[in-house]
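One structure is given below, encoded as structure tokens.
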Amino acid sequence: MPEGTTLSTTDSAVDHRKRSFLQLPVQVDVERLLDDYRSIPHESWASSHWDTHCSANMVLLRGGDQGTKEDFASSESVDHDVLRRLPYISWLIGESGPFGGTSYAFIFRMKPLGVTRPHIDSNPQWFEPFRIHIPIVTNDEAFLLSEGRSKHLAAGEVWTFDNQSMHAVTNGDAVRAHLIFDVPRRLKLLSLIEGARYDRGSDDPARWHRAGLPDTAPSEPYAVSEPLSFSEKESLGLDPESFASRIAEVRRIAHLTRANLRVGDVVWAVDGVSECAVARTATDYIQVRHRPGEVISLRMIRDGVELTTRMRLFGPRPFDMVRKIKGRVSSRR
């Protein structure tokens, strides 16, 4: 399909496949959208559930209510309390709005110079609906990447793309915030798709490379951690935007190398660094910014007591060597 083509119900070639990128013919009141966005309470924001979205904070508006990533694919979607504060957004995503209702809705707010790593939305709940983006706050260097290309989306424009293709995001030096929602294939939406303008975007290998963190071999992960909530960070005197996170699982390499890590430890700084535009958690930061052979220092809180511990990072091959050595020692006993 040629770039700039408008789909039409009279065109025999029209279908309703997802494409990157389709601009939908919907007028959005940017000022009202901004008013809603600015009224979101600070405590409503949370870290993303996925390291793929390593630079994003989020507010779930419609979805599940369990506080997990499954809320974004729940068959029991509910409107969250924060949505009551957002009258214009409530109308946009409601059944009386221009899209005919949504199954999930949320806002992702990306840090300056942040990225979303290349990935595919693989949950079956996301296959049938169209994923809609409406930029609320953006900058000239914010780009959505999909199907090997890139596209800047301007504030107030309405776009959809193929979220079952490999896609990513790179941001410029200011906050980027998008209203994002999934719309089932009902009559209102299909009419919009038929009137959409197709724009294939630009070939952009440099932005794809930047989004694909890390670009060299990372160390073997010692632990899995989950970010603290904004309120938890504040209660501990930590920056809400930091990557402070609680260890949920200690990996075998940590036991083999006698690393001083325990489930429940809150790691809030690595070598004196507590925030990174491309890391959601402390353990993610280690994977992105540190490499095998380095010795790093972790600042932690364990059972209410602050402590510092150091550990050497190993790659997969040295990890195999450690396992063999440990195995030989065990067999001799």
Side-chain angles (χ1 to χ4, degrees), residues 37-60 66-69 71 80-82 106-117 137 171 173-177 213-214 218-219 221-251 254 259-291 294-313:
Y37 170 72
R38 290 167 179 156
S39 71
I40 296 172
H42 170 74
E43 61 271 16
S44 295
W45 290 98
S47 297
S48 164
H49 291 298
W50 300 274
D51 281 341
T52 294
H53 296 280
C54 52
S55 306
N57 293 322
M58 65 181 190
V59 173
L60 182 60
Q66 301 305 304
T68 68
K69 63 184 179 182
D71 289 345
H80 288 235
D81 289 343
V82 67
F106 47 95
I107 296 173
F108 268 11
R109 183 181 69 190
M110 180 173 283
K111 296 178 180 180
L113 303 179
V115 302
T116 294
R117 298 175 192 168
V137 176
N171 192 25
D173 60 1
V175 168
R176 169 195 184 267
L213 298 172
S219 62
Y222 276 56
V224 177
S225 61
E226 288 295 326
L228 303 185
S229 69
F230 278 29
S231 58
E232 284 179 306
K233 293 174 189 177
E234 289 180 330
S235 70
L236 293 171
L238 304 176
D239 186 341
E241 296 293 340
S242 73
F243 53 57
S245 43
R246 181 175 287 109
I247 292 178
E249 176 189 345
V250 177
R251 294 285 179 84
N260 184 20
L261 299 175
R262 298 180 188 173
V263 171
D265 287 347
V266 172
V267 182
W268 62 270
V270 180
D271 283 350
V273 177
S274 60
E275 182 178 355
C276 176
V278 294
R280 184 181 73 108
T281 64
T283 48
D284 189 38
Y285 173 78
I286 294 169
Q287 293 295 105
V288 171
R289 293 293 189 240
H290 291 278
R291 294 294 173 262
E294 295 181 26
V295 177
I296 59 173
S297 174
L298 306 183
R299 297 292 303 278
M300 303 190 303
I301 300 173
R302 176 181 294 166
D303 298 328
V305 177
E306 290 199 23
L307 59 93
T308 300
T309 189
R310 292 167 62 84
M311 63 185 194
R312 180 178 295 278
L313 301 178

Between Glu275 and Lys233, does the salt bridge (Lys or Arg N to Asp or Glu O under 4.0 Å) criterion hold? Intermediate values first, please.
CA-CA 12 Å; Glu275 182 178 355; Lys233 293 174 189 177; over 6 Å; no

Ion pair Arg246/Glu232, N-O distance below 4.0 Å: yes

Nearest heavy-atom approach of Ile247 to Ala223 is CG2-CB, 4.0 Å

Q | Pair Asp284 + Arg117, salt bridge at N-O below 4.0 Å | A | yes

Here the gap from Ile296 atom CD1 to Tyr285 atom OH, rounded to the nearest 0.5 Å, amounts to 9.0 Å

- Query: Considering only heavy atoms from C-beta outward, does the side chain of Arg251 approach that of Thr283 to under 4.5 Å?
  - Reply: no

* Asked: Is the Phe108 ring parallel, tilted or perpendicular to the Phe106 ring (thresholds 30°, 60°)?
  -> tilted

Heavy atoms of Pro227 and Ser48 approach each other most closely as CG-O, 4.2 Å

Give the C-alpha distance, both sets of side-chain angles, the deciding distance and a yes or no for side chain to side chain contact (heavy atoms under 4.5 Å, CB included) between Tyr222 and Leu261.
CA-CA 9 Å; Tyr222 276 56; Leu261 299 175; 4.0 Å; yes

Could you tell me whether the side chain of Phe230 reaches within less than 4.5 Å of the side chain of Glu43, counting heavy atoms only?
no

Rounding to 0.5 Å, atoms OG1 (Thr116) and CG (Asn171) come to a distance of 9.0 Å

* Steps toward side chain to side chain contact (heavy atoms under 4.5 Å, CB included) verdict (Trp268, Leu236) -> CA-CA 10 Å; Trp268 62 270; Leu236 293 171; over 6 Å; no

One should read off an interatomic distance between Asp173 CG and Leu113 CG, to the nearest 0.5 angstrom, of 6.0 Å

Going by heavy atoms in the side chains, are Met311 and Glu294 under 4.5 Å from each other? no

CG of Leu298 to CG of Leu307, rounded to nearest 0.5 Å, is 9.5 Å

Minimal heavy-atom distance between Lys111 and Cys276, with the atoms involved, is NZ-O, 3.9 Å

Looking only at heavy atoms, the pair that brings Ser274 and Ser242 closest together is O-CB, 3.1 Å

Exercise. Charged N to carboxylate O under 4.0 angstrom, Glu306 versus Arg299?
Worked result: yes

Residues Thr281 and Ser245: closest non-hydrogen pair is CB-OG, 3.6 Å

Do Thr308 and Ser297 have side chains that get closer than 4.5 Å, going by heavy atoms? yes

Heavy-atom nearest pair, Gly114 first then Ser55, reads CA-OG, 3.2 Å

Exercise for review: Kindly indicate whether the side chain of Val137, heavy atoms from C-beta on, has any atom under 4.5 Å from the side chain of Tyr37.
Suggested key: yes

Output for pair (Glu249 CD, Glu226 CD), nearest 0.5 Å, gives 10.5 Å

Begin with the C-alpha distance, continue with both residues' side-chain angles, and end with the deciding distance and a verdict on side chain to side chain contact (heavy atoms under 4.5 Å, CB included) for Met58 and His49.
-> CA-CA 9 Å; Met58 65 181 190; His49 291 298; 3.2 Å; yes

Rounded to the nearest 0.5 angstrom, the CG-OG distance for Leu228 and Ser235 is 8.0 Å

Pair Ser219-Gln287, side chain to side chain donor-acceptor pair (under 3.5 Å): steps then yes or no
CA-CA 6 Å; Ser219 62; Gln287 293 295 105; 3.2 Å; yes

Report, as yes or no, whether the 6.0 Å neighbourhood of atom CZ on Arg262 holds more than 12 heavy atoms from other residues, nucleotides or ligands.
-> no

For residues Glu234 and Ser229, determine if any side-chain heavy atom of one lies less than 4.5 Å from a side-chain heavy atom of the other. no

Q) Would you say the side chains of Arg280 and Asn57 form a donor-acceptor pair under 3.5 Å? A) no

